[in-house]
2 protein chains.
Amino acid sequence: MADGGANRGESSPLDELLGYQLRRASSAVMADFAQGLARVELKPSEATVLLLIENQPHATQSEIGRALGIKRANMAPLVASLEKRQLVERAPVDGRSQGLTLTELGAEAAREARGAVEANEVKFFGRLSLPQREQLATLLAAVRG
Amino acid sequence: MADGGANRGESSPLDELLGYQLRRASSAVMADFAQGLARVELKPSEATVLLLIENQPHATQSEIGRALGIKRANMAPLVASLEKRQLVERAPVDGRSQGLTLTELGAEAAREARGAVEANEVKFFGRLSLPQREQLATLLAAVRG
DNA sequence: TATTGTTATACTCTATAACTATA
DNA sequence: TATAGTTATAGAGTATAACAATA
């Protein structure tokens, strides 16, 4: 790693800060997740969109974006790319909205994405006991308010 | 917010994923932190660098970068900008390393950065009890391994 | 008037590669 | 050989502003 990895050899005033620890933990988990997805040529944002469409077929891209905290302006090129790769299909809902569904290829990609998600969860949270995982979920929800 | 904010109205399969919850919590905290720093015209990465230099004067930028998980290649323009703004001074340690210290202006910026950090901590973690905060710190450390 | 989707654009953070110079 | 610092460059995510079409 040489650079960029987590340094744990020296204490720093940031160690006391939960916001900082939260960011570092999130970065570590996300970097591994991105690496796990690289094999399938999906970015994390694309993978989460696929999983959400799988779970809520015919949702519009605005709805998906809202659920994921991704702005409309950023959803447009993201979905356009998924459609171009024939992972997602659009079907008009009304004159301005289009419902999104997975193609067969998209469903396969979603399965692979879920595999990457689960490997990532096991790798980072498998060390925790079930009560610890529940506690962490509770605390994270409380932080988000 | 209209877009981009956290949607909590609908359940999704991602709600079960600790990695996803971790990322969303981190994003929320970081967005608020960045906003709090905007008043001082500091980015989060710059603020953390200032705080670390304050705590470890004469540390080299490689050392600071290692402690923060920022690569040398990314530290270079960051520190150059802080130096240009006269927040940081460099003093040669040996022929290839330079120790970093805060100027008076930099010390003042660090104080303001610390204020933003503490407001951010209170806003998001003040809701938690002390044992809960300790538990969260323990769990995040365990996640990072 | 509000919402959907879109384009253009900019900023932050991160990543690799390649180079100089010093140890 | 390894390390410090630099430059160039690319990718991922996010942000705002503005627009057309539709509700």
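Heavy atoms only: backbone and side chains are in, while hydrogens, waters and symmetry mates are out. Convention: sequence-line order gives letters A, B, ...; per-chain numbering from 1.
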Fill in: Selection residues 92-106 of chain A - residue pairs positive for salt bridge (Lys or Arg N to Asp or Glu O under 4.0 Å), sequence neighbours left out
none
Worksheet item: For Lys71(A) and dT7(C), what is the distance between atoms NZ and C1' respectively, to the nearest whole Å?
Response: 16 Å
Discussion item. Could you tell me how far apart Met75(B) (CE) and dT6(D) (C1') are, to the nearest whole angstrom?
Written reply: 13 Å
Practice prompt. Check the distance between dT12(C)'s P and Leu82(B)'s CG and give it to me in whole angstrom.
Written response: 13 Å
Worksheet item: Is any side-chain N or O of Arg23(A) closer than 4.0 Å to OP1 or OP2 of dT14(C)?
Response: yes
Worksheet item: Starting at the 5' end of DNA chain C, which residue's closest nucleotide do you reach first, Gly99(A) or Lys43(B)?
Response: Gly99(A)
Worksheet item: Short question: side chain of Arg23(B), backbone of Ser26(A) - any donor-acceptor pair under 3.5 Å?
Response: no
Practice prompt. Provide, to the nearest angstrom, the distance between the CG atom belonging to Leu68(A) and the C1' atom belonging to dT14(D).
Written response: 14 Å
Worksheet item: Looking at dT7(D), dT4(C), dA4(D), which one has an atom nearest to any side-chain atom of Ser62(B)?
Response: dA4(D)
Worksheet item: Mapping Ser27(A) and Arg90(A) onto DNA chain C by nearest heavy atom, which one lands closer to the 5' end?
Response: Arg90(A)
Discussion item. By nearest atom, which of the nucleotides dG5(C), dG13(D), dA15(D) is closest to the Gln98(A) side chain?
Written reply: dG5(C)
Worksheet item: For nucleotides 17-23 of chain D, read 5' to 3', which letter fits each nucleotide if B means a protein heavy atom sits under 4.0 Å from the base, S means only the sugar-phosphate is that close, and - means neither?
Response: B----BS
Fill in: Proximal nucleotide (of dA15(D), dG5(D), dT4(C)) relative to the Ser97(B) side chain
dG5(D)
Can I get a per-line list of side-chain donor-acceptor pairs under 3.5 Å for residues 73-87 of chain A, giving both atom names and the distance, sequence neighbours left out?
unit_1   : atom_1 : unit_2   : atom_2 : d
Glu83(A) : OE1    : Arg90(A) : NH1    : 2.8
Arg85(A) : NH1    : Glu41(A) : O      : 2.9
Arg85(A) : NH2    : Glu41(A) : O      : 2.9

Worksheet item: Under a 4.5 Å side-chain heavy-atom rule over Ile, Leu, Val, Met, Phe, Trp and Tyr, are Val117(A) and Leu140(A) clustered together?
Response: no
Worksheet item: Looking for any heavy atom pair under 4.0 Å, which part of the strands does Thr60(B) touch: base, sugar-phosphate only, or nothing?
Response: sugar-phosphate
Fill in: For Glu134(B), side chain to side chain donor-acceptor pair (under 3.5 Å) partners two or more places apart
none
Worksheet, complete the sentence: Whole-Å distance, Ile64(A) CD1 to dG5(C) C1', equals 15 Å
Item to complete: With sequence neighbours left out, write down each residue that passes salt bridge (charged side-chain N to carboxylate O under 4.0 Å, His left out) with Glu108(A), or none if nothing qualifies.
Response: Arg111(A)
Worksheet item: Does any residue of residues 30-42 of chain A have a heavy atom under 4.0 Å from DNA chain D, and if so, which ones, in number order?
Response: none
Worksheet item: Taking atom P of dT6(C) as reference, at what distance in whole Å does atom NZ of Lys84(A) sit?
Response: 14 Å
Discussion item. Running the 4.5 Å side-chain criterion over Ile, Leu, Val, Met, Phe, Trp and Tyr, what cluster does Val93(A) land in, apart from itself?
Written reply: none
Worksheet, complete the sentence: Those residues at least two apart in sequence (or on a different chain) that pass side chain to side chain donor-acceptor pair (under 3.5 Å) with Glu54(B) are none
Worksheet item: Are Ser45(B) and dC13(C) close enough that a side-chain N or O sits under 4.0 Å from OP1 or OP2?
Response: yes
Fill in: Length of the CD1-P vector between Ile70(A) and dA12(D), whole Å
14 Å
Worksheet, complete the sentence: Result for 5'-nearest mapping on DNA chain D, choosing between Asn74(A) and Ala76(B), is Ala76(B)
Item to complete: Please state how far atom CD in Gln61(B) lies from atom P in dT3(D), giving the value in whole angstrom units.
Response: 16 Å
If you look only at distance, which donor and acceptor atoms sit under 3.5 Å apart when one is on a side chain in residues 118-125 of chain B and the other is two or more places apart or in another chain?
unit_1    : atom_1 : unit_2   : atom_2 : d
Asn120(B) : ND2    : Val29(B) : O      : 3.2
Asn120(B) : ND2    : Asp32(B) : OD2    : 2.8
Glu121(B) : OE1    : Leu18(A) : N      : 3.2
Glu121(B) : OE2    : Leu18(A) : N      : 3.1
Glu121(B) : OE2    : Gly19(A) : N      : 2.7
Lys123(B) : NZ     : Asp32(B) : OD1    : 2.8

Worksheet item: Heavy-atom distance under 4.5 Å between the side chains of Val88(A) and Val49(A), does that happen here?
Response: no
